[in-house]
Amino acid sequence: MIPFYKRFIDRFPTVQTLAETDCDEVLRYWEGLGYYRRARQMHAAARVITSEYNGQFPTEIDQVRALPGIGRYTAGAVLSIALEQRHPILEANTIRVFSRLMMLRGDPACSENRRQMWEFSKLLLPRRRVGDFNQALMELGSTVCTSRDPTCERCPIARICPARAHGVQAQFPEPTPKAKTIAVHEAAIVLRCRRKILIRHCQPGERWAGLWDFLRFELSSTKMPLAETQIIEQVAKSTGLTITRLQYLTTFKHAVTRYRITLTCHEAFCTSSQSTVPPLCWVTQDQLQMRPFSTTGRKICELLNGG
DNA sequence: AACCCGGGGAG
DNA sequence: CTCCCAGGGTT
């Protein structure tokens, strides 16, 4: 994380720098971190701060919360830590601490329990050093009041913890019922024409919006040659281009939220590059490194470069 | 209120 | 492999 942070701050030292940069460039510096929406939202927020607040980060909680990508937690954290304003926070670490201090039954993620924990966090809030207090709560959850095997012997508030008093700290927080995983098969196609490769700008609402990707489709079957037939059809349908040769490259497995994706990568060739319009774009192999890709997209780029 | 998003580190 | 993570937005 630290190298990413340093590189990012070096390139975008101020809100103004961030605001005047293309989103593509910002995403390139974010590439590999995941949560790409956050990069786009931070970029959008920088533009709001420049246009609406004369480049000065707002100090009213409602103004801060109205910024793209900033919700109740982030607004409270920024204003309490940076400006010593008296706002509570609630996030993964403090949820765990509170679930033990409150002996909270049921899924801590459910809305009623969330509401109760926000109320609890308000009650706990000190009059002074709110920022330190909020950070200390998170640090306590991160280093002492841990998810598995909390070290209560080292906990500064063990004496007021009812879960500890009853010796039931291991029963909290109760596990969130987890959605079962779904197996998905996808195909990525590196489509070549002369010296160019076809890539696609992922659109708003799609996964990896704002990033670039190779042609990618969901497959109903991985059985050859049925998959090949699907690929040829899908390429024709989405680009109007006709594949003259299709070759298997490799297979990646990766997980996205509850999906377990098996991605089979192919190389394909066509003789005409006509009638391809945005969001499609033909680029040379060298130009691939200028564009932000998801991690799987970048793996395919590395494959092409002989990685 | 339910659901969506990404990837890496730890165990 | 599973669990976990300094959440917010959309529907």
Side-chain angles (χ1 to χ4, degrees), chain A residues 1-5 27 30-45 48 61-62 64-82 87-99 106-118 121 130-151 170 172-184 186 202-211 213 216 252-263 292-299:
Chain A
M1 192 57 232
I2 302 295
F4 276 92
Y5 179 76
L27 283 168
W30 197 273
E31 187 185 297
L33 287 176
Y35 286 112
Y36 300 99
R37 175 185 295 176
R38 292 183 178 178
R40 290 186 284 110
Q41 286 167 325
M42 183 163 65
H43 179 250
V48 172
I61 184 99
D62 291 339
V64 175
R65 277 200 65 172
L67 292 172
I70 297 189
R72 188 172 179 184
Y73 160 74
T74 308
V78 167
L79 291 179
S80 67
I81 294 168
H87 301 294
I89 57 163
L90 186 68
E91 46 69 67
N93 286 305
T94 56
I95 285 171
R96 189 169 51 254
V97 174
F98 292 169
S99 77
D107 177 8
C110 81
S111 53
E112 171 59 20
N113 281 338
R114 288 297 177 107
R115 189 190 64 74
Q116 289 192 26
M117 286 188 284
W118 273 111
S121 69
V130 181
D132 285 347
F133 180 81
N134 283 339
Q135 289 186 79
L137 270 181
M138 292 189 279
E139 195 69 6
L140 184 67
S142 146
T143 62
V144 175
C145 196
T146 50
S147 180
R148 279 171 299 206
D149 196 24
T151 52
F172 299 93
E174 290 189 13
T176 296
K178 52 179 179 289
K180 52 186 166 190
T181 58
I182 300 169
V184 177
E186 289 181 354
C202 301
Q203 298 298 291
E206 297 178 346
R207 179 187 309 167
W208 300 319
L211 300 185
D213 196 9
R216 188 185 293 238
F252 295 118
K253 287 182 185 296
H254 67 109
V256 178
T257 62
R258 69 177 184 276
Y259 300 100
R260 298 293 175 270
I261 301 172
T262 305
L263 178 66
F293 279 85
S294 71
T295 294
T296 56
R298 186 59 70 193
K299 281 182 184 171

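Per chain, numbering begins at 1; letters A, B, ... match sequence-line order. Note that the structure is a prediction, hence the values are computed from the model and not measured.
Going from atom CD of A:Q203 over to atom C1' of B:dC5 covers 17 Å, rounded to whole Å. One can place OH of A:Y259 at 10 Å from P of B:dC3, the figure rounded to the nearest angstrom. Taking atom CZ on A:F252 and atom C1' on B:dG8, their separation rounds to 17 Å, with Å as the unit. Nucleotide C:dC4 holds its P atom 13 Å from the CG atom of A:D149, rounded to whole Å. The nearest whole Å value for the distance from the NE2 atom in A:H254 to the C1' atom in B:dC5 is 13 Å. Taking atom CZ of residue A:R298 and atom C1' of nucleotide B:dG8, one finds them 18 Å apart after rounding to whole Å. If you measure from atom OH of A:Y36 to atom C1' of B:dG6, you get 7 Å, rounded to the nearest angstrom. Separating the CZ atom of A:R148 from the C1' atom of C:dC5 is a distance of 12 Å, rounded to the nearest angstrom.
Of the charged side-chain nitrogens involved, none lies within less than 4.0 Å of a carboxylate oxygen, so that A:R65 and A:D62 do not count as a salt-bridged pair.
Between A:E112 and A:G32, it is A:E112 whose nearest contact on DNA chain B lies nearer the 5' terminus. Summary of the strand contacts: A:S111 and A:F293 both lie near DNA chain B, and taking for each the nucleotide with the nearest heavy atom, the more 5' one is attributed to A:S111.
Considering only residues two or more places apart in sequence or on other chains, A:S147 meets the side-chain contact (heavy atoms from CB on, under 4.5 Å) condition with A:R96.
Within the structure, every side-chain polar atom (N or O) of A:W208 is placed at least 4.0 Å from both OP1 and OP2 of B:dC5.
Relative to the six-membered ring of A:W118, A:R72 meets both conditions, a distance below 6.0 Å and an angle of at most 45° to the axis.
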Query raised in the report: Reading nucleotides 6-11 of chain C 5' to 3', which nucleotides get B (base under 4.0 Å from a protein heavy atom), which S (sugar-phosphate only), which -?
Result: BBBS--

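C:dA6 and B:dG11: their P atoms are spaced 14 Å apart (whole Å). Rounded to whole Å, the separation between the P atoms of C:dT11 and B:dG6 comes to 15 Å.
Of all the heavy atoms in A:I89 and A:G76, the pair that sits closest is CG2-C, 3.8 Å. The shortest heavy-atom contact between A:V184 and A:Y259 is CG2-CD2, 3.6 Å.
Sorted pairs that involve residues 136-149 of chain A and meet salt bridge (Lys or Arg N to Asp or Glu O under 4.0 Å), not counting sequence neighbours, are lacking altogether.
Side-chain contact of A:S80 with A:N134: a donor-acceptor pair under 3.5 Å is present, judged by distance alone.
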